[in-house]
S.K.: 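Following this message is one structure expressed as structure tokens.
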Amino acid sequence: MTCIEQNATTSNNFLKTIIEEDLKNGKHSSIVTRFPPEPNGYLHIGHAKSICINFGLARDFGGRCHLRFDDTNPAKEEQEYIDSIKESVRWLGFDWGEYLYYASDNFETLYQWAVHLITEGKAYVEDLNAEQIRANRGTLTEPGVESPFRTRSVAENLNLFERMRAGEFPDGSRVLRAKIDMASPNISLRDPVLYRILHTPHPHVGDAWKIYPMYDFAHGQTDAVEGITHSICTLEFESHKPLYEWFLDNLPVPSRPRQYEFARLNLTYTVMSKRKLQELVQHGLVTGWDDPRLPTLEGLRRRGYTPVSIRNFCEQIGVGRSDSWIDVSVLEESVRADLNESAPRAMAVLRPIKMIIENYPANQSEELQAANHPQKPEMGSRSIHFTRELWIDADDFMEAPSKGFHRLTVGGEVKLRSGYIVTCTGIIKDEQGNILELRGVYDPGSREGIHTADGRKVKGVIHWVSAAHALTAEVRLFDRFFSDPNPDRSGADYKQFLNRNSVETLTNCKLEDTLAGADIETRYQFERMGYFRLDPKDSQPGKLVFNRVVTLRDTWIIKK
RNA sequence: AGGGGUAUAGCCAAACGGUAAGGCAACGGCCUCUGACGCCGUCAUCUCUUGGUUCGAAUCCAGGUACCCCUGCCA
């Protein structure tokens, strides 16, 4: 289809407009996009934006999207990253089908095209070293100066370039340069480097090559051989566009792709640059690339973010060309919206204090039915145990309640979710004054609703679990990894903004026993506490470890 | 002799010369066995700024201002 319906959550963007035009006026009969990561690290939420744009456009307009590894620099690339990237793209819900490519599969073609340029007098072998090249490049305001090797004969260039390929020269001794314009105001046109010598094995093509093409000499041409129609990248490549086109103009390429740029994603309270992420991992500031506090796709996945929530997020933030900062709360809101629909409910007491129901016999126990979802009866129910000894959350009790607190207080009453109304009748403390346990009584007729026998409505509903049946588990609560909205801001070391309390590990949490068979992929809502999922690495059948994906919205906390 | 971009609400973002969509946040209210969810309502006389063209300008023109990108043998 060539025209998509707009709905409330998808507004138009400039890329869709361009594609609609191209399809309408017959410039293309169908579109081909590509997601072109360099396999030199793990994917993060910023890549997710690009993935969603490229695969999403292809999907919406009935075209196709390639996964292409931009593997032109073997010094930084590894098979491990290739594998991880494929896995992350698949996890996000996208499928490249048979269209998996490597820029390195075109190395021979690229080499021939470089020879073509030399033959045409449009490229030359440079003997100057990196520093000299830099010195001759000029500055932002001054033109560069031409290299003495710029006028080498075609024959000599051909000979030298061939020997570069053969591995005759050491790394850094020579490069191949395009002969364009050393005085161009666009610095990327001042005789850019096309090939460098690198005696480094490559993760995909092994040790077949001793010279490797630069990004600029590979990207557009690779787009052209794959038949990419819309080559979508981020804004910082905008100044490379004239060079991208120069190659297409001067080489016998089989098709004519066009480059379009969009603003990369910036998220508050986190860092996204590969270098910084790597540093956090290397310095042991996080547990790994999949640390649940990181914006990496593996981290978000481990934490419990769902693919659909990330896709929705990318849809919501839109695509534009102005630098923008998205607040992390938008991402968080996106998982909440998804999980509220799909997550079965359960009860878990994170900071337990015991409550003894004095009018409930010690040897008695009964099963109560609790709905798995308040609005979705089709999700069924489960039975939970009610007994004399219960665990409730410390946060749900205040001896000296602040104004507006409508949970449990001495002499006060509260509804136990899916259970009974209980009244607190007293506190047992140790000699230091610490609360040992709470005493209370329950109203046997209060199973349904929140009304007392005399018709009053109790204000508070709290979660609880039977002490006799409870499972003990570890629960990890995460907070923002940085204390500053923009830890990446220039002029400051982002590490100074690390939030020291970004993870809180609670080891004595009490969970309802239905969670004994919790599924690794299922996200649960622990009622009133947020959404949780088993940690895929650290959780064991006998030792449950849950990660909190995100809290519930809490307007009470805001008022405090 | 610098070049290339971008400016619409607290944060994103639509609009294509015809009288400022939508989402998030916020704020009222309703509902509620989760202080959740849901529902209703409010939220730009105005589009960085100054002029101009026009019956009519966020959109066109001219001049300012601010911010981002470019001086790797990285991508």
Side-chain angles (χ1 to χ4, degrees), chain A residues 6-13 17 36-38 40 70-73 75-76 126 129-130 133-135 137-144 171-177 183-190 193-198 212 214-216 218-219 233-242 261 263 268 274 315-327 329-330 333-334 336-337 340-341 345 347 370-371 373-375 404-407 415-419 421 446-451 457-463 525-530 551-559:
Chain A
Q6 307 283 303
N7 62 45
T9 58
T10 15
S11 48
N12 217 165
N13 67 52
T17 305
E38 181 189 14
N40 68 344
D70 224 342
D71 55 352
T72 56
N73 185 3
K76 295 184 170 182
E126 170 68 276
N129 63 31
I133 289 175
R134 190 182 325 121
R137 185 148 34 222
T139 66
L140 294 178
T141 54
E142 301 162 288
D171 288 6
S173 58
R174 285 181 230 264
V175 291
L176 182 73
R177 288 233 254 174
S184 172
N186 182 339
I187 293 173
S188 63
L189 257 21
R190 317 237 265 228
V193 172
L194 268 29
Y195 270 90
R196 74 289 218 182
I197 299 170
L198 238 37
Y212 292 92
M214 300 289 289
Y215 163 85
D216 285 311
H219 204 92
C233 61
T234 45
L235 249 20
E236 65 269 26
F237 291 102
E238 195 166 18
S239 57
H240 294 238
K241 184 144 72 176
E261 312 85 14
T268 59
K274 208 163 292 188
E315 196 63 55
Q316 279 164 28
I317 60 177
V319 184
R321 286 174 59 85
S322 59
D323 297 310
S324 58
W325 282 86
I326 308 292
D327 198 283
S329 63
V330 179
E333 195 46 46
S334 170
R336 281 195 194 100
N340 177 52
E341 293 296 313
R345 317 281 125 129
M347 291 200 282
H373 190 112
Q375 282 88 31
F405 183 80
H406 51 247
R407 276 106 99 150
K415 169 78 178 186
L416 296 179
R417 167 126 254 230
S418 304
I421 291 174
S446 62
R447 173 79 181 82
E448 298 295 327
I450 51 167
H451 291 271
K457 230 177 173 178
V458 296
K459 275 208 196 126
V461 178
I462 66 171
H463 54 98
Q525 184 194 99
F526 290 173
E527 290 194 282
R528 306 205 309 133
M529 302 311 280
T551 62
L552 254 30
R553 263 182 93 228
D554 190 344
T555 50
W556 165 242
I557 281 181
I558 290 164
K559 281 171 187 156

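Each chain gets a letter, A, B and so on, in the order the sequences are listed, and its residues count up from 1.
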S.K.: Using modelled atom types only, decide if a donor and an acceptor are shared between the side chain of Lys415(A) and the backbone of Val458(A) within a distance under 3.5 Å.
M.R.: no
S.K.: For the atom pair CZ (Arg345(A)) and CZ (Arg417(A)), what is the distance rounded to the nearest 0.5 Å?
M.R.: 9.0 Å
S.K.: Between rG35(B), rC69(B), rC74(B), spot the one nearest the side chain of His406(A), thanks.
M.R.: rG35(B)
S.K.: At less than 4.0 Å, is any side-chain N or O atom of Arg553(A) found next to OP1 or OP2 of rG35(B)? Yes or no.
M.R.: no
S.K.: What nucleotide among rG35(B), rA75(B), rU34(B) has an atom nearest to a side-chain atom of Pro374(A)?
M.R.: rU34(B)
S.K.: So, is Arg336(A) close to the rU34(B) phosphate, meaning a side-chain N or O under 4.0 Å from OP1 or OP2?
M.R.: no
S.K.: Need one value for Glu333(A): base, sugar-phosphate or nothing, where a base atom within 4.0 Å counts as base even if backbone is also close, heavy atoms only.
M.R.: sugar-phosphate
S.K.: How many Å lie between CG on Leu198(A) and P on rC73(B), as a whole number?
M.R.: 13 Å
S.K.: So, is Arg190(A) near the phosphate of rU71(B), with a side-chain N or O under 4.0 Å from OP1 or OP2?
M.R.: no
S.K.: Quote, to the nearest angstrom, the P distance that separates rU47(B) from rA58(B).
M.R.: 7 Å
S.K.: Rounded to whole angstrom units, what separation is found between the CD atom of Glu238(A) and the C1' atom of rC67(B)?
M.R.: 15 Å
S.K.: Is rG72(B) in the syn range, within 90° of 0, or in the anti range?
M.R.: syn
S.K.: Heavy atoms under 4.0 Å is the rule here; annotate nucleotides 10-15 of chain B 5' to 3' with B where the base is hit, S where only the sugar-phosphate is, and - elsewhere.
M.R.: -SSSSS
S.K.: What does rC16(B) pair with, Watson-Crick or G-U, if both distances are under 3.5 Å?
M.R.: none
S.K.: Return yes if the base of rG35(B) and the side-chain atoms of Arg407(A) contain a donor-acceptor N/O pair under 3.5 Å, otherwise no.
M.R.: yes
S.K.: In the structure shown, which nucleotide is the Watson-Crick or G-U wobble counterpart of rA75(B), with both distances under 3.5 Å?
M.R.: none
S.K.: For rU59(B), what is the paired nucleotide under Watson-Crick or G-U wobble rules, both distances under 3.5 Å?
M.R.: none
S.K.: For rG35(B), take OP1 and OP2 only and decide whether either is under 4.0 Å from a side-chain N or O of Arg528(A).
M.R.: yes
S.K.: Roughly, in whole Å, what's the span from CG in Leu194(A) to P in rC74(B)?
M.R.: 13 Å
S.K.: Report yes if a donor N or O on one partner sits less than 3.5 Å from an acceptor N or O on the other, where the partners are the side chain of His463(A) and the base of rA36(B); otherwise report no.
M.R.: no
S.K.: Test side-chain contact (heavy atoms from CB on, under 4.5 Å) on Leu235(A) and Asp323(A) and set out the steps.
M.R.: CA-CA 9 Å; Leu235(A) 249 20; Asp323(A) 297 310; 4.3 Å; yes
S.K.: Taking for each residue the nucleotide of RNA chain B bearing the nearest heavy atom, is the 5' side occupied by Arg137(A) or by His240(A)?
M.R.: Arg137(A)
S.K.: Check for a donor-acceptor pair, side chain of Ser184(A) on one end and backbone N or O of Ile187(A) on the other, with a separation under 3.5 Å.
M.R.: no
S.K.: Can you find a donor-acceptor N/O pair under 3.5 angstrom joining the side chain of Glu142(A) to the base of rU71(B)?
M.R.: no
S.K.: Atom CZ in Phe526(A), atom CE in Met347(A): separation rounded to 0.5 Å?
M.R.: 11.5 Å
S.K.: Can you tell which of rC69(B), rU71(B), rG35(B) lies closest to the side chain of Thr139(A)?
M.R.: rU71(B)
S.K.: If stacking means aromatic ring centre less than 5.5 angstrom from the base's six-membered ring centre, planes under 30°, is Tyr215(A) stacked on rA75(B)?
M.R.: no
S.K.: Whole angstrom is fine here: how far is it from CD in Glu341(A) over to C1' in rA36(B)?
M.R.: 13 Å
S.K.: I'd like to know if Lys241(A) and Glu238(A) make a salt bridge, using a cut-off of under 4.0 Å between side-chain N and carboxylate O.
M.R.: no
S.K.: Can you measure Ile187(A) atom CD1 to rC73(B) atom P for me and round it to whole angstrom units?
M.R.: 12 Å
S.K.: Mind calculating the distance between CZ (Phe237(A)) and C1' (rG5(B)) to the nearest angstrom?
M.R.: 15 Å
S.K.: Using both distances under 3.5 Å as the test, list the Watson-Crick or G-U wobble partner of rC39(B), or none.
M.R.: rG29(B)
S.K.: Starting at OH of Tyr212(A), measure out to CG of Leu198(A) and round the result to the nearest 0.5 Å.
M.R.: 6.5 Å
S.K.: Please determine if Glu261(A) and Arg321(A) form a salt bridge, counting it only when a charged side-chain N lies under 4.0 Å from a carboxylate O.
M.R.: yes
S.K.: Quick one: look up who rU6(B) pairs with, Watson-Crick or G-U, both distances under 3.5 Å, and put none if it's unpaired.
M.R.: rA66(B)
S.K.: Between rG3(B), rG35(B), rC73(B), which one does the side chain of Arg196(A) approach most closely?
M.R.: rC73(B)
S.K.: Nearest 0.5 Å please: distance from the OG atom of Ser173(A) over to the CD atom of Glu126(A).
M.R.: 11.5 Å
S.K.: Nearest to the side chain of Thr555(A), which nucleotide is it out of rG35(B), rU34(B), rG2(B)?
M.R.: rG35(B)
S.K.: In whole Å, what is the span from the CG atom of Leu140(A) to the P atom of rU71(B)?
M.R.: 8 Å
S.K.: When rounded to the nearest 0.5 angstrom, what is the spacing between NE2 in His373(A) and CD in Gln525(A)?
M.R.: 8.0 Å
S.K.: Between protein and nucleic acid, restricted to nucleotides 29-33 of chain B and to nitrogen or oxygen atoms under 3.5 Å apart, what atom pairs and distances do you find?
M.R.:
{"residue": "rC33(B)", "atom": "O2'", "partner": "Arg417(A)", "partner atom": "NH2", "Å": "2.3"}
{"residue": "rC33(B)", "atom": "O2", "partner": "Ser418(A)", "partner atom": "N", "Å": "3.0"}
{"residue": "rC33(B)", "atom": "N3", "partner": "Lys415(A)", "partner atom": "NZ", "Å": "3.4"}
{"residue": "rC33(B)", "atom": "N3", "partner": "Ser418(A)", "partner atom": "N", "Å": "3.0"}
{"residue": "rC33(B)", "atom": "N4", "partner": "Lys415(A)", "partner atom": "NZ", "Å": "3.4"}
{"residue": "rC33(B)", "atom": "N4", "partner": "Arg447(A)", "partner atom": "O", "Å": "2.4"}
{"residue": "rC33(B)", "atom": "N4", "partner": "Arg447(A)", "partner atom": "NH1", "Å": "3.1"}

S.K.: I'd like to know if Arg345(A) reaches the base of rU34(B) with its side chain such that a donor and an acceptor end up less than 3.5 angstrom apart.
M.R.: yes
S.K.: More than 12 foreign heavy atoms under 6.0 Å from NZ of Lys459(A): is that the case here?
M.R.: no
S.K.: CD of Gln525(A) versus P of rA36(B): gap in Å, rounded?
M.R.: 12 Å
S.K.: Tell me, please, which residues at least two apart from Asn13(A) pass side chain to side chain contact (heavy atoms under 4.5 Å, CB included).
M.R.: Leu15(A), Lys16(A), Val319(A)
